[in-house]
Amino acid sequence: MAVRVVFLGPLADLVGADEMELPAPLDWPALLAGIPPAVAEQLTNARVHVACAGRVVADKAALRAVDGDEVALLPPVSGG
Amino acid sequence: MAVRVVFLGPLADLVGADEMELPAPLDWPALLAGIPPAVAEQLTNARVHVACAGRVVADKAALRAVDGDEVALLPPVSGG
Amino acid sequence: MRDIRLLTQMFIPGQLIGPFAQANPGLGAVCTFVGEVRGEAYVEALELTHYEPLTLAGMHDLADRALGRFNLMGLLMVHRIGVLVAGEPIVCVSAAAAHRRDAIDAVDFCMDHLKSAAWFWKRERRSDGWHWIEPRAQDHTDLKRWD
Amino acid sequence: MRDIRLLTQMFIPGQLIGPFAQANPGLGAVCTFVGEVRGEAYVEALELTHYEPLTLAGMHDLADRALGRFNLMGLLMVHRIGVLVAGEPIVCVSAAAAHRRDAIDAVDFCMDHLKSAAWFWKRERRSDGWHWIEPRAQDHTDLKRWD
């Protein structure tokens, strides 16, 4: 019973891996506690977004990922 | 001793010819008097310009064309 | 690379744009506009007349202004004259730059000024003969954006 | 004609734009933007990563917005992913319309939103390794123009 957490762009470098698994169901506090602290700190930035099951989550704190969901952590995209 | 007067775009249709000759030197009153009245009337429109010797004349009333000059009467250009 | 031309014969934009982009190595952005004769059922042909002593000089003057105003690596500006039918390209403007803002704005600027300030007159042939095309109010609005 | 694609291999813009223009008969205006990898001496390669479940959907959503906002006959939007070298095209957006204002503005709109809102991350390889490219302030300014 797991949620796949995917690290995009520079976040993958911070973790040293592209993804990890966390137990389902997964809410916002469980996500922050389960990922490396350096990434958890990045997630508090309003410009770092979270997608769940293929959709960007409007309110990160309301995250509710269930078994089989993929949660993607999306840092700000690159400029020109 | 002549100035060539060239009618562009719809003005040529008004005259029924692309050009005519007028005696040099040619100033603004002589131009208005020498061309067909229908075109002279058009020339009073600020959006109808006059070129002399390859340059658009900033102040039409100050026109001074000399022998060999070409004077072009330029109606508003077409849109779209 | 600067390439300003009046053409009396049909041209294929891709045959101009490919070499133009290649002639500006190191560029980051190319914006290209192509205007074609619209396929209106009632229009059989379009004729563009110009006043030769002013037209090409006017296009070069416009190119100077665009090159002075935007940070460009190259500018291509080609305009047809003569009789055209539906689908034929009339005008092609392409700007090469390091950054997209300059390339896009330069094309926009050149098109607004070419169409409204250059010395071209158009008439179209319909079933009842030739009709001159009037200036459009939109063109004057477009020009004001750059003041 | 609507053509929205992510490409993993090098593409030649002219090979997309020619057929695109031909697929929109009766058009009056085509505006095309091509972004290429700039030739900076210190950049050996550029890598674009994306988040697949969002990227193509995001491009389609942007196309929907452009088609809703501008009067278009066709829209082409192609973006590269993967590793690219200097001179390779990264992005190509082309809009076909009856009138030039719609074609130019649609390309401008798509480029501003693609670059600033789509889910692409870039890094460049220099002699000392890979470096992520940060968001640019200019992109945010560009986006605000459409609010």
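Chain A is the first sequence line, chain B the second, and so forth, proteins listed ahead of strands; every chain is numbered from 1.
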C:W119 versus B:V56, closest heavy-atom pair with distance: CZ2-CG2, 3.8 Å
Separation of B:E70 CD from C:Y51 OH (nearest 0.5 Å): 3.5 Å
Part of residues 35-45 of chain B lying next to chain C, heavy-atom separation under 4.5 Å: none
Minimal non-hydrogen separation, C:L54 against B:G54, with atom names: CD2-O, 3.2 Å
Residue pair C:W132 / B:D13, side-chain donor-acceptor N/O under 3.5 Å: yes
Heavy atoms of other groups near B:R55 CZ, more than 12 under 6.0 Å: no
Within 6.0 angstrom of C:E52 CD, more than 12 heavy atoms from elsewhere: no
Residues from residues 2-12 of chain B approaching chain C under 4.5 Å (heavy atoms): B:V6, B:L8, B:G9, B:P10
